[in-house]
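First the structure, in the form of structure tokens, and then the observations on it.
Order of the sequence lines sets the chain letters (A, B, ...), proteins ahead of strands, with each chain counted from 1. Note that the structure is a prediction, hence the values are computed from the model and not measured.
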Amino acid sequence: MITPRTLKGFRDYPPASMIPRERLIDTARAVYRSFGFAPIDTPALEYREILEGKAGEESNKQLYRFEDHGGREVALRFDLTVPLARFMAQHAANLGTPFKRYHIATVWRGENTQRGRYREFMQCDFDTIGTRSVAADIETALVIHDLMQALGLTAFTIHLNNRQVLNGLLEKIGLADCAAAVLRALDKLPKIGPDKVAAEMAATAGATPEQAQAVLQMAGLSGTNGEILAQLTPLLAGQETGQAGITRLREILAGLEAAGIEERRIRLDVSIARGLDYYTGVIYETFLDPLPEIGSVCSGGRYDNLAGLYTRQELPGIGASLGLDRLLAAMEELGLLESHRTTASVFIPYFDPGRLNDYLRLGALLRGAGYATEIFPEARKLGQQLKYADQRGFQVALIAGSNELDSNQCQLKELATGNTHTFSLTPPATELLAAIQKIVD
RNA sequence: GUGGAUGUAGCUCAGUUGGUUAGAGCACUGGAUUGUGGUUCCAGGGGUCGGGGGUUCGAAUCCCCUCAUCCACCCCA
């Protein structure tokens, strides 16, 4: 016998985990579409050179690579952004810009596992390609906001920052050359504290204590969004990039306010940097107020040149990605996941062996009226079947044996309470459907 | 990839300095109740002690290797 097992970092999803997972994906899809984003998909497997071009050393180590049967060097995609870049380089001419797409798909990374970190996981990206407009920056935050609300999350904060502001400061104090190392250190601020961040900046970027102090001072700005903007202006006096960044942030905050977003949902946070090198403008990270320690559940930002490796055409854009698995873990911890093990709400026990066709007719009637209905597959004792229905979280059972069917009736039982009433099955069975509607809502 | 911890029934865990046939609770299946679930009672199924090798008269227990999970680093979703 072969031992049944799954690879490290790869998982099975039984119904209890797949049902909430699909619900989350459905919600994301609906929100993306409500802003006019259109779906795309790309192959899981790409030519290795396509994926290796952008990624940088760390990502390349995590790439699943192999040679296919035709001797081609291939690799599994490790995110959805690089495939998007390749996709745009190939199709931008036909698609036209601006182009708004969403992409919900599985990606693979051969890195070490940890809670909420797997080797196969799903990303839910949305991006707006081909525009530098502040409108796209604002809309990205609106999508994140609506997504959180649609998921039933009531306490979240979208942190935003602008790489231009960070870069402006680094240029001003002479650290522009090692921006990536400085920002990587800065990203750890909430985790390891200012002293260690300064130490790391000195070690990896060669920052002097004065330089490190200047970065930390700016990152530590606090107050309302308006107050932080006001403090930023003198710090970047005479620094063109930085001033442009401040102006952009001001426009975004004004736009979000105009769109009706509550101020407490948006926090200007000069300390967030995001590790990824390709961000050049506004950056977003979304935290759940009761669970800040799990990190950002939806992050993204603006980039100047998405597909520079694959085409001469300059494609600026902005996008963000929902951390599906992280968010699921958080929602479970917050008790926001209903643990349904069924996708139907009406259960029809099959307990009179000679009446299968009646049950099939009944099922068709209910499905036709819009109620997902399951008929038990074999004629067993009624008690057993009700137990099955109860355990799986059905809301109502529609019970009918010869006694009822002979007089064209059925019993409707609300499983949570045990309340049972008898209804006529004579079409259009309005009273029965109304009673179901009342329970299922 | 580096460092540390853990691995006994589907789940949570007991298991004495190595010593008969490895236990409990919950879950599961059946019955009490052959047309009405969640409670109760009774009975039952289910374990190569993660896997492989070694030490020993004897290993769940000690040693080595391996696989997996968790934590930290790294990086990130």
Side-chain angles (χ1 to χ4, degrees), chain A residues 1-11 14 16 24 28 55-63 77-81 104-125 180 183-185 187-188 191-192 196 200 204 273-277 279 285-286 293-300 319-330 347-353 355 376 379-406 410-422:
Chain A
M1 276 251 263
I2 300 163
T3 309
R5 53 186 187 151
T6 48
L7 282 165
K8 179 185 176 77
F10 289 71
R11 296 168 293 164
L24 207 157
E57 259 178 62
E58 274 305 322
S59 300
N60 283 346
K61 274 199 302 194
Q62 300 178 354
L63 213 53
R77 64 178 171 217
F78 68 94
D79 72 5
L80 299 178
T81 303
I104 300 175
T106 307
V107 303
W108 295 267
R109 290 185 196 175
E111 67 176 332
N112 231 341
T113 56
Q114 237 178 83
R115 172 196 290 281
R117 293 176 63 173
Y118 307 96
R119 290 182 170 177
E120 178 182 67
F121 59 97
M122 191 162 262
Q123 290 195 324
C124 309
D125 280 26
L183 297 182
R184 209 172 302 128
D187 239 2
K188 297 176 190 168
K191 211 168 183 181
I192 64 177
K196 287 188 176 169
E200 183 170 329
T204 62
R274 311 267 319 128
L276 294 174
D277 302 339
Y279 288 127
E285 295 204 331
T286 311
E293 69 277 6
I294 68 160
S296 172
V297 295
C298 191
S299 315
S321 182
L322 179 69
L324 186 77
D325 292 285
R326 198 178 265 187
L327 191 54
L328 273 171
F347 180 75
I348 300 181
Y350 172 21
F351 76 102
D352 192 331
R355 293 289 194 159
F376 197 75
R380 272 200 215 159
K381 289 202 298 189
L382 183 57
Q384 286 179 12
Q385 297 189 52
L386 287 174
K387 191 172 178 185
Y388 170 94
D390 186 48
Q391 288 170 334
R392 264 150 242 255
F394 282 91
Q395 292 170 284
V396 296
L398 215 157
I399 302 168
S402 293
N403 296 351
E404 290 83 3
L405 291 170
D406 286 343
C410 73
Q411 291 180 36
L412 181 69
K413 184 178 192 106
E414 181 176 6
L415 287 164
T417 59
N419 292 339
T420 304
H421 298 284
T422 300

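The gap from the P atom of B:rG23 to that of B:rA60 amounts to 13 Å, rounded to the nearest Å. Using atom P as the reference point in both B:rU61 and B:rG44, the two lie 30 Å apart (nearest Å). With P as the reference atom, B:rG10 and B:rG46 are 12 Å apart, rounded to whole Å. Nucleotides B:rC49 and B:rA68, compared at atom C1', are 16 Å apart to the nearest Å. B:rU34 and B:rG30 have their C1' atoms separated by 14 Å, given to the nearest Å. As rounded to the nearest Å, B:rG51 and B:rC11 have P atoms that lie 14 Å from one another. Atom P of B:rG45 sits at a distance of 16 Å from the matching atom of B:rU29, rounded to the whole Å. B:rU8 sits 15 Å from B:rC62 when the P atoms are compared, rounded to a whole Å.
When the nucleotides B:rC76, B:rG35, B:rG37 are ranked by their closest atom to the side chain of A:Leu386, B:rG37 comes out on top. Of the candidates B:rU36, B:rC75, B:rU2, the closest approach to any side-chain atom of A:Lys188 belongs to B:rC75. The nucleotide whose nearest atom lies closest to any side-chain atom of A:Asp390 is, among B:rG35, B:rA77, B:rG38, B:rG38. Distances from the side chain of A:Asn112 to the nucleotides B:rU36, B:rA72, B:rA77 place B:rA72 closest. For A:Arg326, the listed nucleotide lying nearest its side chain is B:rA77; candidates were B:rA77, B:rG38, B:rC75.
When each of A:Thr113 and A:Asp352 is assigned the nucleotide of RNA chain B with its nearest heavy atom, A:Asp352 is the one assigned upstream, toward the 5' end. The 5' end of RNA chain B is approached more closely, in terms of each residue's nearest nucleotide, by A:Gln384 than by the other of A:Gln384 and A:Phe121.
Residue A:Gln114 has a polar side-chain atom (N or O) positioned under 4.0 Å from OP1 or OP2 of B:rA72. The phosphate of B:rG31 has OP1 or OP2 within less than 4.0 Å of a side-chain N or O from A:Lys381. Contact annotation: A:Lys8 side-chain N/O to B:rU69 OP1/OP2 distance is under 4.0 Å. Close to B:rC28, at under 4.0 Å from its OP1 or OP2, lies a side-chain N or O of A:Gln391.
For the residue pair A:Pro349 and A:Leu398, the shortest heavy atom distance occurs at CD-O, 3.3 Å. Pairing each heavy atom of A:Arg380 with each of A:Gln384, the nearest pair is CD-OE1, 2.9 Å. Of all heavy-atom pairs between A:Thr106 and A:Arg77, the closest is O-NE, 2.9 Å. Of all heavy-atom pairs spanning A:Asp352 and A:Gly401, the tightest one is OD2-C, 4.0 Å. Between A:Ala273 and A:Asp187, the shortest heavy-atom contact is N-OD1, 3.2 Å. Across all their heavy atoms, A:Arg355 and A:Ser402 have their closest contact at NE-OG, 3.6 Å.
Under the stacking criterion of a centre-to-centre distance below 5.5 angstrom and an interplanar angle below 30°, A:Phe351 is not stacked against the six-membered ring of B:rG35.
Taking atom CD on A:Glu285 and atom P on B:rC75, their separation rounds to 15 Å, with Å as the unit. The nearest whole Å value for the distance from the CZ atom in A:Phe376 to the P atom in B:rG35 is 15 Å. Rounded to whole Å, the distance from CZ on A:Arg119 to C1' on B:rC70 is 14 Å. Here the C1' atom of nucleotide B:rC76 and the CG atom of A:Leu63 are 15 Å apart, to the nearest Å. Per the geometry, CD belonging to A:Glu111 stands 11 Å off C1' belonging to B:rG1, to the nearest Å. Whole-Å rounding puts the A:Lys413 NZ to B:rG37 C1' distance at 7 Å. The distance between atom CD of A:Gln395 and atom C1' of B:rG38, rounded to the nearest whole Å, is 16 Å. As rounded to whole Å, 14 Å separates atom P of B:rG1 from atom CZ of A:Arg117.
Across all strands shown, A:Ser296 has heavy atoms under 4.0 Å from sugar-phosphate atoms exclusively, and none from any base. Using a 4.0 Å heavy-atom criterion, one finds that A:Asn403 contacts the bases of the nucleic acid, with or without backbone contacts as well. Residue-level contact check: A:Ala416 touches the bases, meaning some heavy atom is under 4.0 Å from a base atom. Base engagement by A:Glu404 is indicated by at least one non-hydrogen atom pair under 4.0 Å involving a base atom. Contacts of A:Tyr118 with the nucleic acid, taken as non-hydrogen atoms under 4.0 Å apart, include base atoms. No engagement by A:Gly295 is indicated, since no non-hydrogen atom pair under 4.0 Å with the nucleic acid exists. Using a 4.0 Å heavy-atom cutoff across all strands shown, A:Gly110 reaches no nucleic acid atom at all. Across all strands, A:Gly383 comes closer than 4.0 Å only to sugar-phosphate atoms, never to a base (heavy-atom distances).
Checked options A:Lys8, A:Arg117, A:Gln62; the residue passing with A:Asn112 is A:Lys8 (criterion: side-chain contact (heavy atoms from CB on, under 4.5 Å)). Partner A:Met122 forms a side-chain contact (heavy atoms from CB on, under 4.5 Å) with one of A:Val107, A:Leu324, A:Leu328 and no other, that one being A:Leu324.
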From CA spacing to verdict: side chain to side chain contact (heavy atoms under 4.5 Å, CB included), A:Asp125, A:Asp79: CA-CA 9 Å; A:Asp125 280 26; A:Asp79 72 5; over 6 Å; no

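With hydrogens and angles ignored, no donor-acceptor pair closer than 3.5 Å exists between the side chain of A:Arg184 and the base of B:rC75. Taking 3.5 Å as the limit, the base of B:rG35 and the side chain of A:Gln385 contain no donor-acceptor pair of atoms between them.
You'll find the side chain of A:Thr6 stays beyond 4.5 Å of the side chain of A:Arg11, heavy atoms only.
For A:Phe347 and A:Tyr388, the ring centers are positioned less than 6.0 Å apart.
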Dot-bracket line, read 5' to 3' along RNA chain B, where crossing pairs take [ ] and | marks a partner on another strand, Watson-Crick or G-U under 3.5 Å: (((((((..((((.....[...)))).(((((.......))))).....(((((..]....))))))))))))....

